[in-house]
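Everything below concerns the one structure shown next.
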Amino acid sequence: MALYDQEKRKVVITGDRPTGPLHLGHYVGSLQSRVEMQDRCDCFVMIADTQALSDHFENPELVARYVREVFKDYISVGISPTKSTIFVQSMVPELFELTSYYMNLVTVARLERNPTVKSEIQQKGFDESVPAGFLCYPVSQAADITAFKASLVPVGEDQLPLIEITNEIVRRFNRIYDTDVLMEAQAVLGKIDRLVGIDGKAKASKSMNNAISLSDSPEMIKEKVFSMYTDPNHIKASDPGKVEGNVVFAYLKAFFEDDEELQSMKKRYERGGLGDVVLKSLLNETLQKFLAPIREKRRSIKESDILDQLEDGTKRAREVASMTIEQVRDAMSIKYWAKEYR
Ligand code: TRP
């Protein structure tokens with residue numbers, strides 16, 4: 001496989017913060033498209049531990065633990081360490097050099113306006129004391145994306161504002177330094193952009209503990225399905241129920257394959273005559289079937305292979321990132337030791 005053959009293959013990058021187990025929301029939002037793309041593109045899949053530390057700096061052991069767990073999540077859903085380049089962000093120092101240069105190309109006001117960062121700040125209770133590192137993580141993410149000259153970024157909808165900032169930085173860089181070394185990137189949204197949490201609130205999220213993890217046990221999956229938010233006014237099976245905002249239907253839409261059957265169940269539910277227990281049993285069965293092979297694959301991963309494969313991927317990632325760094329420095333006249341000056 002050509003590692004970096006832009007003529008024929010598009011370059012794809014995505015990543016995840018290793019702060020908890022990846023879940024079904026990640027699967028429909030981005031993991032699934034990564035698996036589909038790895039055969040025809042050069043895929044870089046980053047375990048974004050440095051970004052994770054931007055809001056978990058007090059808990060580095062947790063991040064370290066999830067570097068391995070997220071790697072296992074990747075392998076278990078079919079991301080291949082030979083087809084894709086799976087790597088660890090902190091081990092690619094070129095990314096942080098790029099981040100430094102990009103910091104100059106974005107204003108504090110622009111970072112503060114980013115809706116994703118804004119809502120994260122609220123959710124994490126940072127309020128008036130936002131760590132600079134957290135406010136600036138979108139700049140570091142711009143480095144992640146541009147270091148590999150990626151044109152496609154499979155992510156959930158919440159990442160769109162980050163890609164927008166990336167492209168602004170790219171355009172500014174290329175204009176100011178009169179170059180075309182950096183490439184703009186485009187988001188690729190998953191089949192379903194946003195999977196709702198099992199509590200019916202916002203999206204499924206590691207930090208809100210309202211998601212079904214890829215690594216959950218069969219008992220845990222069942223427990224979570226049966227605790228899902230449905231329609232609080234749908235008390236008896238014979239009562240008419242609401243499909244809108246009903247978490248069980250949202251998950252069936254994402255994972256139940258027979259769409260016709262699903263449509264007819266929706267009608268029956270709205271009319272009255274379809275109970276929550278029947279519906280939840282069907283979802284439980286669907287998810288158990290979906291997650292069993294993923295759990296099986298996870299179990300087959302040899303602990304001793306994890307680090308070898310991560311190191312290998314990280315080495316490949318560094319090779320590509322250092323080519324970009326060379327070009328970036330060159331464009332910025334950071335080449336004081338070059339022959340032409342001797
Ligand atoms: N911000 C992403 C998330 O929270 C993780 C990430 C870091 C990323 N760097 C990236 C995603 C580069 C896509 C491209 O999930």
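Counting convention: from 1, in listed order, for ligands and their atoms alike. What you see is a predicted model; the values in this text were computed from it and never measured. Both backbone and side-chain heavy atoms feed into the values below; hydrogens, waters and symmetry mates do not.
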Please list, one pair per line, the donor and acceptor atoms closer than 3.5 Å that link side chains of residues 61-69 to other protein atoms, with sequence neighbours excluded.
residue: Arg68; atom: NH2; partner: Glu303; partner atom: OE1; Å: 2.8
residue: Glu69; atom: OE1; partner: Arg298; partner atom: NH2; Å: 2.8
residue: Glu69; atom: OE2; partner: Lys72; partner atom: NZ; Å: 3.3

Report task. Report yes or no: is the cationic atom of Arg17 (NZ for Lys, CZ for Arg) under 6.0 Å from the centre of the six-membered ring of Tyr137, at an angle within 45° of the ring normal? Result -> yes
Using residues 235-252 as the side-chain source, report each donor-acceptor pair under 3.5 Å to any protein atom, sequence neighbours left out, with the distance given to one decimal.
residue: Asp239; atom: OD2; partner: Ile235; partner atom: N; Å: 3.2
residue: Asp239; atom: OD2; partner: Lys236; partner atom: N; Å: 2.9
residue: Asn246; atom: OD1; partner: Val248; partner atom: N; Å: 3.1
residue: Asn246; atom: ND2; partner: Lys242; partner atom: O; Å: 3.2
residue: Asn246; atom: ND2; partner: Tyr269; partner atom: OH; Å: 3.1
residue: Tyr251; atom: OH; partner: Val196; partner atom: O; Å: 2.7

Report summary line: Applied to residues 331-342, the side-chain hydrogen bond (donor to acceptor under 3.5 Å, both in side chains) test, sequence neighbours excluded, yields Asp330-Lys335
Query raised in the report: Step by step, would you call Glu184 with Arg171 a salt bridge (Lys or Arg N to Asp or Glu O under 4.0 Å)?
Result: CA-CA 8 Å; Glu184 288 191 47; Arg171 288 193 291 269; 2.9 Å; yes
Report summary line: Expected contact list for ligand 1 at under 4.0 angstrom, heavy-atom basis, is Thr14, Gly15, Arg17, Met46, Ala48, Gln51, Gln141, Asp144, Ile145, Val153, Val155, Gln159
Query raised in the report: Is the closest basic N to carboxylate O distance between Lys118 and Glu112 below 4.0 Å?
Result: no
